[in-house]
Amino acid sequence: MEAATDVLRSGKLEIHTTDGLVLAGGHVVTMSMREYRLLSALVAREGRIVPREDLYRIAWDAELRNGDRSVDVYVHKLRVKLENALPGQAFIHTHFGFGYRFKPEPVVESSHAFHKSTTTR
């Protein structure tokens with residue numbers, strides 16, 4: 001039987017920490033070890049801003065170097081995977097100059113044409 005501490009939950013997202021398994025709406029989401037570590041760190045701190053330096057330390061087990069954008073690249077990959085698995089939800093939010101915050105929220109369509117997925121001419 002699985003202990004409650006072995007699963008991190010947030011809405012329809014589950015992270016089975018002892019198995020390294022991520023489920024979204026009951027379906028497996030395939031990810032790399034770094035993506036898994038980043039997601040686990042963010043979900044464990046749900047609602048709080050986690051500095052990029054902390055995320056890098058967790059996923060790479062090293063100190064973040066000036067100009068290194070690895071965290072941003074991997075956060076983008078996570079966003080795409082999560083939003084494909086559970087459409088209509090935004091999961092990872094950027095706080096410029098501070099870091100990232102995990103909190104599932106409904107996607108709100110922007111009124112600005114620049115931000116829409118399709119534009120008309």
Side-chain angles (χ1 to χ4, degrees):
M1 184 163 169
E2 187 174 48
T5 57
D6 292 335
V7 179
L8 295 172
R9 285 187 174 83
S10 181
K12 294 182 178 181
L13 186 69
E14 293 181 6
I15 301 172
H16 295 255
T17 58
T18 55
D19 302 326
L21 180 67
V22 176
L23 300 173
H27 300 283
V28 174
V29 179
T30 304
M31 56 184 58
S32 71
M33 181 57 75
R34 289 213 168 98
E35 291 168 335
Y36 174 82
R37 287 179 179 168
L38 286 172
L39 182 61
S40 296
L42 287 164
V43 172
R45 296 158 182 84
E46 183 172 350
R48 292 181 284 173
I49 298 169
V50 184
R52 291 172 68 248
E53 296 81 9
D54 291 356
L55 292 170
Y56 191 89
R57 224 175 279 116
I58 291 165
W60 280 264
D61 198 27
E63 296 300 315
L64 181 64
R65 299 176 310 268
N66 282 340
D68 190 329
R69 306 304 293 181
S70 300
V71 171
D72 307 313
V73 170
Y74 277 81
V75 164
H76 173 73
K77 290 178 180 187
L78 279 175
R79 281 180 173 146
V80 170
K81 287 182 178 189
L82 293 174
E83 291 169 12
N84 284 338
L86 295 169
Q89 292 274 311
F91 295 90
I92 303 172
H93 310 277
T94 303
H95 293 267
F96 293 102
F98 295 97
Y100 294 99
R101 177 180 55 89
F102 184 91
K103 181 74 175 167
E105 297 175 355
V107 173
V108 178
E109 189 68 34
S110 173
S111 62
H112 302 289
F114 178 77
H115 295 291
K116 290 185 180 178
S117 58
T118 59
T119 56
T120 57
R121 295 180 186 225

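What's counted below: heavy atoms across the whole structure, side chains too, no hydrogens, waters or symmetry copies.
- Sequence neighbours left out, the pairs with a member in residues 37-51 that pass side chain to side chain donor-acceptor pair (under 3.5 Å) are S10-E46.
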Check the pair K12 / Q89 against side chain to side chain contact (heavy atoms under 4.5 Å, CB included), numbers first and verdict last.
-> CA-CA 10 Å; K12 294 182 178 181; Q89 292 274 311; over 6 Å; no
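- Side chains of R79 and T94: a donor-acceptor N/O pair is present below 3.5 angstrom, by distance only.
- Between A24 and V29, the closest heavy-atom pair is CB-CG2, 3.6 Å.
- Hydrophobic clustering of Ile, Leu, Val, Met, Phe, Trp and Tyr side chains at less than 4.5 Å, counting indirect connections, keeps L13 apart from L23.
- A salt bridge is absent between E35 and K77: the closest approach of a Lys/Arg side-chain nitrogen to an acidic carboxylate oxygen does not fall below 4.0 angstrom.
- L86 approaches G25 most closely through the heavy-atom pair CD2-N, 3.9 Å.
- Counting heavy atoms of neighbouring residues, nucleotides and ligands inside a 6.0 Å radius, atom CG of D61 does not exceed 12 of them.
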Verdict with reasoning, L78 to L38, per side chain to side chain contact (heavy atoms under 4.5 Å, CB included) = CA-CA 9 Å; L78 279 175; L38 286 172; 3.8 Å; yes
Worked check of side chain to side chain contact (heavy atoms under 4.5 Å, CB included) between I15 and V7 = CA-CA 5 Å; I15 301 172; V7 179; over 6 Å; no
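- Residues passing the side chain to side chain contact (heavy atoms under 4.5 Å, CB included) test with I49, sequence neighbours excluded: H95, F98, R101.
- When hydrophobic clusters are built by joining Ile, Leu, Val, Met, Phe, Trp and Tyr residues whose side-chain heavy atoms come closer than 4.5 Å, directly or via intermediates, L21 is not grouped with L82.
- Test W60, Y100, Y56 against Y74 for ring-ring contact (aromatic ring centres under 6.0 Å, His included) and you get one pass: W60.
- For R57, the side chain to side chain contact (heavy atoms under 4.5 Å, CB included) partners two or more places apart in sequence, or in a different chain, are E53, D54, E63.
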Start with the C-alpha gap between L39 and M31, add the side-chain angles, then the distance that decides, and say whether side chain to side chain contact (heavy atoms under 4.5 Å, CB included) holds.
-> CA-CA 10 Å; L39 182 61; M31 56 184 58; 3.9 Å; yes
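- Both M33 and I92 sit in one connected hydrophobic cluster of ILVMFWY residues. Membership requires side-chain heavy atoms under 4.5 Å apart, directly or through other members.
- Rounding to the nearest 0.5 angstrom, the gap separating the CG atom in L42 from the NZ atom in K103 is 13.5 Å.
- Side chain of T18 to backbone of D6: no donor-acceptor contact under 3.5 angstrom is found.
- In this structure, I58 shares a hydrophobic cluster with no other residue, the cluster being traced through Ile, Leu, Val, Met, Phe, Trp and Tyr side chains under 4.5 angstrom apart.
- Partners of Y36 by ring-ring contact (aromatic ring centres under 6.0 Å, His included), not counting sequence neighbours: none found.
- Residues passing the salt bridge (Lys or Arg N to Asp or Glu O under 4.0 Å) test with D72, sequence neighbours excluded: R52, R69.
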